[in-house]
2 protein chains.
Amino acid sequence: MKLKDPDKIQLIYNATLKLVKESGLAALNMAAIGKEAKLGMGTIYVYFKSKEELINSLFHSLKRLNTQRIYATLTPDAPFKINMKELFDNYIINRIDYFEEHFFVEQCSNSHYLDAESRQLDEEAFHGVFELLDRGKKELLVKDMDNAVLTAHMMGSANEIVALCMKQKIKITKAFLDGAFTLCWDSIIR
Amino acid sequence: MKLKDPDKIQLIYNATLKLVKESGLAALNMAAIGKEAKLGMGTIYVYFKSKEELINSLFHSLKRLNTQRIYATLTPDAPFKINMKELFDNYIINRIDYFEEHFFVEQCSNSHYLDAESRQLDEEAFHGVFELLDRGKKELLVKDMDNAVLTAHMMGSANEIVALCMKQKIKITKAFLDGAFTLCWDSIIR
DNA sequence: TCTTTTACCGAATAATTATTCCATTATCTT
DNA sequence: AAGATAATGGAATAATTATTCGGTAAAAGA
């Protein structure tokens with residue numbers, strides 16, 4: 001018998017990401033995915049039960065990957081500000097390098113496609129940031145404010161700055177990253 | 001002869017906003033709009049040529065309204081920080097009071113529905129912020145950084161903080177607004 | 001090599017949803 | 001009040017798009 005091709009799923013994922021990036025989730029359709037991935041429509045249904053399952057499956061996969069990537073490279077035992085900068089740089093670079101993926105996740109987050117399980121995946125991504133902020137507070141570096149508010153402030157800033165970079169095709173230099181970080185740092189320290 | 005009811009357009013707009021808020025733009029359909037607005041499907045087509053025209057028309061209308069609302073109440077001749085705080089508070093309160101509207105605009109911005117004209121409307125909204133920031137630089141209060149970056153930082157923060165409030169149903173108090181503003185203020189001053 | 005199983009394709013079908021059509025109703029004009 | 005015109009509702013139709021199906025080809029196992 002013939003086995004499933006392990007590459008096909010990634011092919012379908014990539015086609016989906018590209019199409020959503022180009023025209024938004026609302027315009028996504030199975031025929032287009034097939035064409036973009038150079039597969040017959042029926043083939044997609046070998047790997048996914050339905051369009052909804054495909055979307056949820058891709059969403060899950062991206063969420064998992066993303067959480068890994070951001071926290072992977074924090075230097076253990078480094079001073080607070082160093083860790084903060086590492087996290088910030090990781091986050092920004094990650095958002096840019098995997099722009100398509102993040103765009104897809106964002107579009108899904110406010111759609112009717114996501115199932116209950118998918119909707120819960122957000123929480124855990126903040127865990128690492130919250131821990132780091134707690135440490136900053138203990139060291140009397142960080143303002144005594146709600147972690148959720150501090151995090152929202154920094155991530156909101158980072159996201160919008162990435163959006164700006166993509167729109168204006170700004171090349172991310174070290175100087176640019178340092179500038180963006182300074183804004184966030186100055187805001188959270190007391 | 002019978003005249004068009006001037007209230008119907010608003011009825012259709014409101015139904016559209018509610019539905020998009022609930023299930024996202026991708027799930028929006030004409031039958032649902034009719035039902036929500038308590039109008040026949042045919043009636044919608046008396047007021048709008050197509051679904052696409054309805055969406056673009058609502059988008060335009062919201063963009064216009066919004067730009068007005070934010071800049072309406074700045075105190076003339078007030079010190080820089082006062083104006084900044086007014087603008088910030090206006091922006092946040094506006095995002096919350098008109099959450100449905102902003103959500104709709106955001107969903108549209110990355111969809112295939114918007115026509116070329118609609119896609120240009122964003123620029124002018126920043127004008128007022130840029131001017132204010134230039135003044136802050138002249139007064140040696142604001143960091144010498146690109147206005148677009150400074151604006152992205154503050155708006156990104158504000159947007160994400162609003163999202164947090166909506167998600168966790170946080171009631172906006174004066175203290176909360178002051179806290180959120182402090183974050184932004186501390187980040188942009190030199 | 002032969003058999004068997006399943007991937008693969010894309011046309012056919014089903015399901016959904018946008019748009020039109022027309023009978024009815026409301027209200028403006030004279 | 002009668003006629004004229006256009007709004008209204010929702011069933012009928014058209015268009016789009018998800019899903020299934022049946023034939024074909026590939027490759028695993030015997």
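Excluded from the calculations below are hydrogen atoms, water molecules and symmetry mates; all remaining heavy atoms, backbone and side chain alike, are included. Numbered from 1 within each chain, the chains take letters A, B, ... in sequence-line order.
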Could you tell me how far apart [X] ([atom1]) and [N] ([atom2]) are, to the nearest whole angstrom?
X: E53(A); N: dA18(D); atom1: CD; atom2: P; answer: 15 Å
X: F48(B); N: dA7(D); atom1: CZ; atom2: P; answer: 14 Å
X: L3(A); N: dT4(C); atom1: CG; atom2: C1'; answer: 13 Å
X: I12(B); N: dA7(D); atom1: CD1; atom2: C1'; answer: 12 Å
X: K4(A); N: dA26(D); atom1: NZ; atom2: P; answer: 20 Å
X: N29(A); N: dA15(D); atom1: CG; atom2: C1'; answer: 13 Å
X: D7(A); N: dA26(D); atom1: CG; atom2: P; answer: 18 Å

Quiz item: Between G40(B) and G42(A), which is nearer to the 5' end of DNA chain D once each is assigned its nearest nucleotide?
Solution: G40(B)

Exercise. Between M41(B) and M30(A), just flag the one whose closest nucleotide in DNA chain D comes earlier from the 5' side.
Key: M41(B)

Quiz prompt | Presence of salt bridge, K18(A) and E36(A), under 4.0 angstrom | solution = yes

Nearest to the [X] side chain among [options], which nucleotide is it?
X: Y45(A); options: dT20(D), dA28(D), dA7(C); value: dT20(D)
X: K8(A); options: dT19(D), dC8(C), dT17(D); value: dC8(C)
X: L39(A); options: dA18(C), dT19(D), dC9(C); value: dC9(C)

Can you confirm whether the side chains of [X] and [Y] place a donor and an acceptor under 3.5 Å from each other?
X: S57(B); Y: Y13(B); result: yes
X: E86(A); Y: N90(A); result: no
X: T75(A); Y: N83(A); result: no
X: N29(A); Y: K51(A); result: no

Exercise. Remember a base hit wins even if backbone is also touched, and classify K2(B) as base, sugar-phosphate or nothing at under 4.0 Å, heavy atoms.
Key: base

Quiz item: Taking only N and O in the side chain of T43(A), is any of them less than 4.0 Å away from OP1 or OP2 of dC9(C)?
Solution: yes

Quiz item: Where each residue is assigned the nucleotide of DNA chain C containing its nearest heavy atom, which of Y47(A) and E52(B) is assigned the position nearer the 5′ end?
Solution: Y47(A)

Quiz item: Between K51(B) and V46(A), who's closer to the 5' end of DNA chain C by nearest nucleotide?
Solution: V46(A)

